[in-house]
Amino acid sequence: MGTITEHRTPAGHVAPTPRPPEERRRLGTLRATDVYAAVGAALAALSITFLLFTRFTGFTGGLGFAATAYALFLGLYTLLVSLEEDGPAVRDRVASVIVHSLAALTLAALVFVVLYTLLEGREALGNLNFFTEDLVAAGPLDPITVGGIRHAVVGTLVEITIALLITVPTGLVCAVFLNEVPGRLARFVRTIVEAMTALPSIVAGLFVYATAILALGLEKSALAAGLALSVMMLPIIIRSADVVLRLVPGTLREAAYATGAPRWRTVWHVVLPTARSGLTTAVILGTARGIGETSPVLLTAGYATDTNTDPLHGAMTSLPLAAFQLVRSPEPAYIARGFGAAAVLMALVLLLFVLARIIGGRGPGQLSRRQEHRRVAGSARDLRRIESRRAGPTNGPGAPGKPARSHP
Amino acid sequence: MANGVETIQRATEPVPRRPHSDSGWADRLFRSTLRGGGFLVLLVMSLVGGFLAYRAWEALSEAGTSFLTTETWEPDVGEFGIAAVITGTAMIAAVAIAIAVPLALGTALYISEYAPPRLRRTLVSLVDLMAAVPSVVYGLWGLFFLQGEIVGLARWISTYFGWFPPFDVTGADPRDPLATATVYTASTFIAGLVVALMVAPIICSIMREVFSQTPVGEREGALALGATRWGVISSVVLPFGRGGMIGGTMLGLGRALGETIGVYMIISPVFDIQWHVLQTGGNSVSALIALRYGEATSFGMSALMAAGLALFVVTLIVNFAASSIVARSRSGAESDS
């Protein structure tokens, strides 16, 4: 809105005074009448819907009940509020109700998707053999107590390790390149990388299938799957690492250059350590994306039921692929195993995500208390060393210097 | 950083110095390693694009413009085209976006405007986590839970809104109580719903990011003028975040177009343009690739490559449009979404 954005007067008209960092104010005021209106409307809506469904009409179905009740609730709530308030306030209340319910619906649906998988998978997850056996011995009619997904867990780990061995060095070097050697080439590479994040994962799989398997004669194997995952993960990791590296404060680099450090020392001792937590997060989140990806693996890894640890030969199944293939069977035990595999996969992704949160909760340069302690101790040690050297051969010019703090 | 260099140069104004022109062999080695890494990535990426284009060319030159207009997919008899699959992809994505955007917008507004601060961080993490949930999990849920529950809604929509052509279902008779429900399963609508839940967290997290960057001064200006909370949202937050909203939606669209497994698990593939959203059968480019890659001959492979390339071009355009919209908007200037 023009009227509001024009508040930003150009500097010079008004003398800018230094302001403390802005903080948003809490707007929460809940009056008793608001609660009465909401509760009353909800009760009335439920009652009317109940009457409609059981007495007056032939409506049936849970979804219909919920939808009717919600529509009635909105109408009644608007009515109740408009008895006391005027236009803008009524709109505010109704909008608030709609936003709240959209959010509740979305979050509930998303959480339900995850819980449903865990719930359906609990039958398989309860058996120890599910984690210690593979599916070779399990016939089509065997119960859930025979066979498991060891092969898929092993396969996932092998494939993601291959992918990480390829993507982490390449991705980080490329991200550092984008930040440290700016120029036309870096801009071009950045554009290409951004373009490749749009590559659908199945096309990455198709590419590796056509090159490595059909043209170069590689077997359908973990190596091919790792390559396909790498093609998919590389742009993701480069992009997020690039963003993290860009956040490293320029003052730190300048300080390093001012001490006369060459570029590689600046990068190695200042830029990378500062961004370490962010880079780790970038890699972990990329791993989480790669680990759950089914379509590139579907084309390149093949499907096996035995535990295969040889990345070069033989089909190797990963968890998402196992989940995908197992539920296509009509046998309930296989479907339960499929859900179990999906639940294990979910747990892995959750673990990676929590790990990323713990490591990457801070921005670059922000240290935990222990890290800060270590830095201060380290720079105090440096200072002692410098001073002892200075005190040794010659007595330098007398300025003792203050203890240097590494950085805020 | 160019910035650093400039600052140093300015600091030593009298004798302009170029501190990085040559700072030893180690540095030169370091820079060439970095450049090598950049070139390597460039090489890999252009190899992917180039190879796709090269292999696709064989099929494209054979099919010509009929590649865009043919609906069937029989590359070995020379009858193939992406008319059906690309339309199917677009329709699934359209259903997904139509459902995901209101949900994501509501959630983003709730998290940034209404949620108590203590809950806010948890919700942000929750949404980010949901964006990382593997698509096969959504697919399982769609196949085993949603499909059974949603048939009633599909039937209801087609019964009462069947006069609107996309909602029409041929072969369904709402008056027949014994009619089978299978005409409503495995439809574009259900696949779209599953994809909607997949992309909603992605869209939501971009929108929330942008909303939370709204300048506090402008918010408080609106409040001081007597705006209600919704007044602040509609006159400050939404206009400020418009670029991010559009960009986030388009990024979600890009993901929805490329989604494979969720669609492949739900849909029953047909090779006609299926305008009836609620009716069983549909298709998408990625489902086509997953379905046909195994049995493809060499020429069939290059036809699939052409389809993959077409999909890639579409997602590429969508993504670049999205990022340029985000970057050009006021709100996108500082965010890297």
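The shown structure was predicted, so the numbers you read here are calculated from the model rather than taken from an experiment. The basis for the numbers below is simple: all heavy atoms, side chains too, and nothing from hydrogens, waters or symmetry mates. Reminder, nothing fancy here: chain letters follow the sequence lines and each chain counts from 1.
- Between Phe177(A) and Phe39(B), a ring centre-to-centre spacing not shorter than 6.0 Å is recorded.
- Interface remark: Ser302(B) contributes no atoms to any contact with chain A (heavy atom separation under 4.5 Å).
- Proximity to chain B involves both the backbone and the side chain of Thr191(A), based on heavy atoms less than 4.5 angstrom apart.
- Here the side chain of Asp92(A) pairs a donor or acceptor atom with the backbone of Trp230(B) at under 3.5 angstrom.
- With sequence neighbours left out, the ring-ring contact (aromatic ring centres under 6.0 Å, His included) criterion links Phe339(A) to Tyr116(A), Phe144(B).
- With a threshold of 4.5 angstrom between heavy atoms, Thr117(A) approaches chain B through side-chain atoms but not through N, CA, C or O.
- Heavy atoms closer than 4.5 Å to chain B are found in the side chain of Val267(A), but not in its backbone.
- Proximity to chain B (any heavy atom under 4.5 Å) is shown, for Pro169(A), by neither the backbone nor the side chain.
- With a 4.5 Å cut-off on non-hydrogen atoms, Ile335(A) touches chain B through its side chain but not through its backbone.
- For Ile192(A), the part lying under 4.5 angstrom from a heavy atom of chain B is the side chain only.
- Contact of Ile98(A) with chain B is not made at all, since no heavy-atom distance falls under 4.5 Å.
- Looking at Val327(A), both its backbone and its side chain come within 4.5 Å of chain B, counting heavy atoms on both sides.
- Residue contact with chain B, scored on non-hydrogen atoms closer than 4.5 Å, involves the side chain of Phe353(A) exclusively.
- Counting only distance, with no hydrogens or angles, the side chain of Asp27(B) and the backbone of Trp264(A) share a donor-acceptor pair below 3.5 Å.
- Of the atoms belonging to Met198(B), not a single heavy atom falls under 4.5 Å from chain A.
- If you measure heavy-atom distances from Leu299(A) to chain B, the contacts under 4.5 Å come from both the backbone and the side chain.
- Atom CZ of Phe112(A) sits in a crowded spot, with more than 12 heavy atoms from other residues, nucleotides or ligands closer than 6.0 Å.
- The contact between Leu42(B) and chain A is made entirely by side chain atoms (from C-beta outward), counting heavy-atom distances below 4.5 Å.
- Of the atoms belonging to Leu126(B), it is side-chain heavy atoms, and not backbone ones, that fall under 4.5 Å from chain A.
- Listed options Thr260(B), Asn319(B), Leu309(B) were ranked by heavy-atom pairs under 4.5 angstrom with chain A; first place goes to Thr260(B).
- For Met45(B), the parts sitting under 4.5 Å from any heavy atom of chain A are the backbone and the side chain alike.
- Chain B forms the most heavy-atom pairs under 4.5 Å with one residue out of Val203(A), Val113(A), Val173(A), and that residue is Val113(A).
- Residue Leu107(A) touches chain B through its side chain alone, counting heavy-atom pairs closer than 4.5 Å.
- Contacts between Arg93(A) and chain B at a heavy-atom distance below 4.5 Å are absent for every atom of the residue.
- Taking CZ from Phe312(B) and CG from Leu206(A), the interatomic distance works out to 13.0 Å, rounded to the nearest 0.5 Å.
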